[in-house]
Visitor: 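Quick one: structure below, then a few questions.
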Amino acid sequence: MAETTEKPSLNFIEQIIEKDLASDKWGGRVQTRFPPEPNGYLHIGHAKSICLNFGLAQKYNGSFNLRFDDTNPIKEEDEYVEAIENDIRWLGYDLDGKVLFASDYFEQFYDHAITLIKKGLAYVCDLSSEETREYRGTLTAPGKDSPYRNRTVEENLDLFERMRAGEFPDGSKTLRAKIDMASPNLNMRDPVMYRILHAHHHRSGDKWCIYPMYDWAHGLEDSIENVTHSICTLEFENHRPLYDWFLDQLGVFHSQQIEFARLNLGYTVMSKRKLLELVRDKHVRGWDDPRMPTIRGFKRRGYTPSSIRTFCERIGVARMNSRIDIAVLENCIREDLNKRAPRVMCVLDPLKVVIENYPEGQTEEMDAVNNPEDESAGSRKIPFSRELYIERSDFMEDAPKKFFRLAPGREVRLRYAYFVTCTDVIKNDAGEVIELRCTYDPATRGGDSPDGRKVRGTIHWVSAHHAADIEVRLYDRLFNEENPDKTPEGKSWLDAMNPESLTTKANCKLESSWIEAANAVSWPDGINRVQFERTGYFCVDQDSSDDKPVFNRTVTLRDSWAKIQSKS
RNA sequence: UGGCCCGUGGUGCAAUUGGUAGCACGUCUGACUCUGGAUCAGAAGGUUCUAGGUUCGAGCCCUAGCGGGCCAGCCA
C-alpha cells in the first residue's frame, strides 16, 4: 500500500474547474456565486450550495458573490434578505460587505432586451397566460406560433417601451424570445422574458412595472458579474440551452452553468413551499423551530456552524438524486460537540433517592471533570447530599443481567461521588416506584473503592436540594416517513408528520454548578451548549429565563443500551 | 408516440480518465473506560441495473433494454 501520494479525489465540478484552469479558459479566474431568492429562509440544502460555491472560490483562489435573485416583487421581502445574510454569516462565511442584487441590473436587462428585439429575436405577445399555455403544446406535441410572433421590430420596440411605461395592465402583454415553438425542450418554445406586474419591489420600489423572468435574468446576472462557473441544481438542467441561447445571441460574457443534485435528507422535507406551509399553518413554531431543516432551526437546535460545514463536505457533490441518512449529520454534530461541549449532570426524568446512612443536613463538594476530551476545560465542584435524584430509567426492579444500573441489592457508582446500593423500593398506591432507599460506602468517595471492588454501572445524579428546575425539550424526526414527498394514494405529505417530534419535560433537575457558571461558557455565536452526561448534547433555548431555564436537545449520545433493548 | 439527466456494498461518495473496486456513515465483534459516551483494533457486506458489443483487458467506450429523476408558471 503506497500511501505516500494520496491523490485528492475531486468531485466532478472540481474536475471541470481544474480542466478550465489547465486550458486557461477563464484566464485563471474562478468566480462563483450563491443566488437565493429572498422569499424564504435558508435550509440545509442551501448550506450545501453555499459551502460548495464558497469552498470552490476559496480553494481555487477565486471569489464568491452573494447575489439576491430578486426578480419577482410579489414574493420577495427585505426580512428575508436580512435573514439570509445572517444565516450565511453564522455558517462562517464572510461576505466582506459584498452583497449584490439582481434588481440593480434591471436597466441593463432592459437594454439587452431592446437589443434582442432589434435583432428580431424577441417580440411582444398579447396572448393571455392561458392562451400561452395552449399555444405551447405538450411534452409530446409541438406548440404553435403566437399570432403576434411576426410583429415588426418597430412595433415591438414601441410596444415594449409602452409596457415599461405602464400603459398596459398586468398580464395583458409579455415580451417573448423568438426561438422555436417545436423544440422538444419546452423552455425553448418562445419563453417569456418579461411580464407586466404593477407591484412594489422591495428595493426598486415602483420604478418598474415589468419584471424579468428567471431564465432571462439569471444568465445575465452571471454574465454581468463575470461568474465563471454558475452552479445550480439539477432541475435547471433543461434550462441550460436557454441560458446559453440568451448569452450567445447577445454576445456577452458567457458563464458556464453546471448542475448538481440538491440535498435530500431523510425524514424531513426540503422544499421552500412545504417549509413555508409548516410555518404558516403552525405545524411547527416558526422558521427557527429546532425541528426544521432550516439553518435557523439547526442553530436553535444547537448545531454548530462547523458541524454543518463538515456535513456539507462529507456528503459530496454529484449528479445523482440521493437522500442522505440523517445519521451522517448527527455524526458530524456529535463529533464536534464531543470535543467542545462542557459536561454537566442533568436528570431528565427524576426519581428520588435517599441515602439512608448519609448524615442528614450534610453536604460535600465533589470534583468533576468538565470535559474529558479537553483538559483545558478544567474541573468543577458539585454538591452531594443525602437526598438525590437519579434518572428513572437508571433503575429497574426486575433487572436483566445485562442491565448495569441500579436495581434492588445492586451496587452502582454515582459519577464522581460514591458507590451506592439499593436497599428498598418505595411505591405509591398505584404501584409506581416513587423513591429509592440506598446506602453508600463512605470509603468510595470520589468514585473508587480502596478494596478494588468494581461496579459495572456509573450513573448520573444531582443533589435534590441543590438542583435547578429546568425545562428540557426533546426533539425527534419531524416525519415518520423517510421520504415524506412520496405520499401514498389519497394521503398528504402532512399525514406523514410525527406527532411526537417534540416532547417537553418540565421538571428536569440540573446540576447547580452549571447555573452558577452559565455565562462563563461562551460560544462564538452566543449559543450555550453542553453535554448532559449520558443523555446527549443540549443548548440553552432563547425562551430561557433566569427563573426558568429551557434547554433543547441537540442530539442524543450514541446509546448502546438502547440498541441492546431494541433488539429484544 | 417527446427531450434531457442519472444507475458502483444498507446509505452517501471515490476509482490516477481503459489495467478486475476504495473511503465515510451505518452494521457486527473485541479492547479500554468513573459517560453503556469518547477512543482503539478488527470483521462482514459489491456478478459496478440487465443483455449484447468494441478491446489483450470495461465500473469507465458503443448499442438496446430496464429502473429512477426533471420539464407543459406571465415562479425561481
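Quick caveat, the model's predicted, so the values are computed rather than measured.
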Visitor: With side chain to side chain donor-acceptor pair (under 3.5 Å) as the test, would you mind laying out the steps for S376(A) and D374(A) before giving the verdict?
Guide: CA-CA 5 Å; S376(A) 71; D374(A) 177 10; 2.6 Å; yes
Visitor: Can you tell whether the side chains of R203(A) and D104(A) come within less than 4.0 Å, N to carboxylate O?
Guide: yes
Visitor: Can you see if the side chain of K19(A) gets near the phosphate of rU17(B) - specifically, an N or O under 4.0 Å from OP1 or OP2?
Guide: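 The answer is no; no side-chain N or O of K19(A) sits under 4.0 Å from OP1 or OP2.
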Visitor: Heavy atoms under 4.0 Å, any strand shown: does K402(A) hit a base, just sugar-phosphate, or nothing?
Guide: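 Touches a base.
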Visitor: Using the six-membered ring for Trp and the full ring for Phe, Tyr or His, decide whether Y214(A) stacks on the six-membered base ring of rA76(B) (centres under 5.5 Å, planes under 30°).
Guide: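 One would not call Y214(A) stacked on the rA76(B) base.
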Visitor: Quick test of your reading of the model: are D222(A) and R67(A) salt-bridged, counting only N-O distances below 4.0 Å?
Guide: yes
Visitor: Rounding to a whole Å, what distance do you find between N338(A):CG and rU35(B):P?
Guide: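 Distance check: N338(A) CG to rU35(B) P gives 13 Å.
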Visitor: Does rC66(B) pair with anything, Watson-Crick or G-U wobble, both distances under 3.5 Å, and if so, with which nucleotide?
Guide: rG7(B)
Visitor: Tell me the partner of rA76(B), counting only Watson-Crick (N1-N3 plus N6-O4 or O6-N4) or G-U wobble (N1-O2 and O6-N3) with both under 3.5 Å; none if nothing fits.
Guide: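 Checking every strand shown, rA76(B) finds no partner, since no pair has both distances under 3.5 Å.
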Visitor: Output the rounded distance in Å from CZ (R334(A)) to C1' (rA38(B)).
Guide: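 Result: 12 Å.
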Visitor: Partner of rU55(B) by Watson-Crick or G-U wobble geometry, both contacts under 3.5 Å, or none?
Guide: none
Visitor: Can you identify which nucleotide, out of rC25(B), rA76(B), rG36(B), has its nearest atom closest to the V328(A) side chain?
Guide: rC25(B)
Visitor: Once you measure the plane-to-plane angle for F532(A) and F538(A), does it fall in the parallel (<30°), tilted (30-60°) or perpendicular (>60°) bin?
Guide: parallel
Visitor: Need to verify one output field. Residue with the more 5' nearest nucleotide on RNA chain B, N187(A) or K75(A)?
Guide: N187(A)
